[in-house]
Amino acid sequence: MLQTPSGGAGSGTAARDSGLMSIGTVLNVLREEFPEVTISKIRFLESEGLIEPQRTPSGYRKFSTGDVERLAHVLRMQRDHYLPLKVIREHLDAMEKGEAVQLPVVGRQRIGEDAPEPMRAPSVARVGRAELLAAAEIDEGELKEWESYGLIAPLEDGAYDAEAVTVASLVAELGRFGIEPRHLRVMKGAADREAGLVDQVVAPLKRHRNPQTRAHAEARTKELAALTVKLHAALVQTALGVRLP
């Protein structure tokens, strides 16, 4: 259970008295469990209708404890179950109606066990170009530059994977430290090679004629991706001689 502070710097006396929190305070609360969450991510989830914070007369967002718990629940479903936003929204609606909700099982699965039924929802959530610019708080020129370096790429229909919002937000944050997009090409290349390795491992499962085996390939891909990300982070920390919380 998240422990929410009664107030924080800059949140205002009225907000403390009413138990409402600013977006900065919410970010600090969520980062205890979700270190990589950003303000842009919170704003994006709001734009997708997954959270509806109150607004002050001047337009500032104010979040209740219930809002923060809902945000945490959304982030857990993304992190632990790899669910697209459309499916998360359906789960939240069902929970509000008091209906039983069963999340898909991912992770390790022994050979011979029944694989989970394939989800009938889209494999990814998508955002339009304007939505991406607004959620990541960047301009058209920045997006075009990042696309030229291959850091972000639209899908075939011109939309973007929702993860592009996270990528854009992180590129922008690194830019404040003087790290330019051209410097990040080496990271993109490493990510592509890591993805290729995972694809090579699961390719035989994806080509299998048994639909349960193919469904198992998706779960195995997600498991390997999570392990690859953890290993990459650990190697970077080791090389720099630092330890992140």
Does Val68 share a hydrophobic cluster with Ile39, counting links as ILVMFWY side-chain heavy atoms below 4.5 Å and allowing steps through other members?
-> yes

Can you check whether Phe63 reaches Val29 side chain to side chain, under 4.5 Å on heavy atoms?
-> no

ILVMFWY network linking Val229 to Val165, side-chain heavy atoms under 4.5 angstrom = no

Looking only at heavy atoms, what is the nearest atom pair of Asp67 and Ile51, with distance?
-> O-CD1, 3.4 Å

Looking only at heavy atoms, what is the nearest atom pair of Ser169 and Ser40, with distance?
-> OG-CB, 3.1 Å

Side-chain touch Lys41/Glu36, heavy atoms, less than 4.5 angstrom | no

With rounding to the nearest 0.5 Å, note down the distance linking CG in Leu75 to CG in Leu45.
-> 6.0 Å

Do the non-hydrogen side-chain atoms of Lys62 and Ser22 ever get within less than 4.5 Å of each other?
-> yes

Residue Tyr149 excluded, over 12 heavy atoms near OH under 6.0 Å | yes

Salt-bridge criterion met for Arg70 and Glu96 (N-O under 4.0 Å) = yes

Indicate the atoms forming the closest heavy-atom contact of Leu184 with Ile179, along with that distance.
-> CD2-CG2, 3.6 Å

Could you note down all residue pairs passing side-chain hydrogen bond (donor to acceptor under 3.5 Å, both in side chains) where residues 178-188 supplies at least one of them, sequence neighbours left out?
-> Glu180-Arg182, Lys188-Asp192

Below 4.5 Å, heavy atoms only, C-beta onward: do Ile42 and Arg61 meet side chain to side chain?
-> no

Could you tell me the separation between the CG atom of Asp93 and the CE atom of Met95, rounded to the nearest 0.5 Å?
-> 10.5 Å

Do you know the tightest heavy-atom contact between Val201 and Pro204?
-> O-CD, 3.5 Å

Heavy atoms of Ile138 and Ala168 approach each other most closely as CD1-CB, 4.2 Å

Take Glu194 and Leu231 through the side chain to side chain contact (heavy atoms under 4.5 Å, CB included) test and state the conclusion after the steps.
-> CA-CA 11 Å; Glu194 292 166 6; Leu231 175 59; over 6 Å; no

Do Phe44 and Leu85 touch side chain to side chain, with heavy atoms closer than 4.5 Å?
-> yes

Shared hydrophobic cluster, Met187 / Ile152 (ILVMFWY, side-chain heavy atoms < 4.5 Å) = yes

Quick one: pull up CD in Glu223 and OG1 in Thr228 and give me the separation to the nearest 0.5 Å.
-> 10.5 Å

Is atom CD of Gln200 surrounded by more than 12 heavy atoms (other residues, nucleotides or ligands) closer than 6.0 Å?
-> no

Ionic contact status for Glu147 with Lys144, cut-off 4.0 Å = no

Sidechain N-carboxylate O distance under 4.0 Å for Arg89, Glu48 = yes

Calculate, to the nearest 0.5 Å, the distance between atoms OG1 and CG belonging to Thr25 and Leu30 respectively.
-> 11.0 Å

Assess the side chains of Thr56 and Ser58: does a donor N or O sit below 3.5 Å from an acceptor N or O?
-> yes

Please lay out, stage by stage, how Leu143 and Tyr160 fare under the test side chain to side chain contact (heavy atoms under 4.5 Å, CB included).
-> CA-CA 12 Å; Leu143 180 55; Tyr160 295 83; 4.0 Å; yes

Any side-chain heavy-atom pair of Leu133 and Asp139 under 4.5 Å | no

Are any non-hydrogen side-chain atoms of Met77 and Leu92 less than 4.5 angstrom apart?
-> yes

Can you measure from CD (Glu173) to OG1 (Thr38) and round to the nearest 0.5 angstrom?
-> 6.0 Å

Please round to the nearest 0.5 Å and tell me the distance separating atom CG of Leu151 and atom CG of Leu174.
-> 10.0 Å

Is there a chain of hydrophobic side chains (I, L, V, M, F, W, Y, each step under 4.5 Å between heavy atoms) that links Val186 to Trp146?
-> yes

Closest approach of Asp161 to Glu163 (non-hydrogen atoms, all atoms of both residues) = OD1-N, 2.8 Å

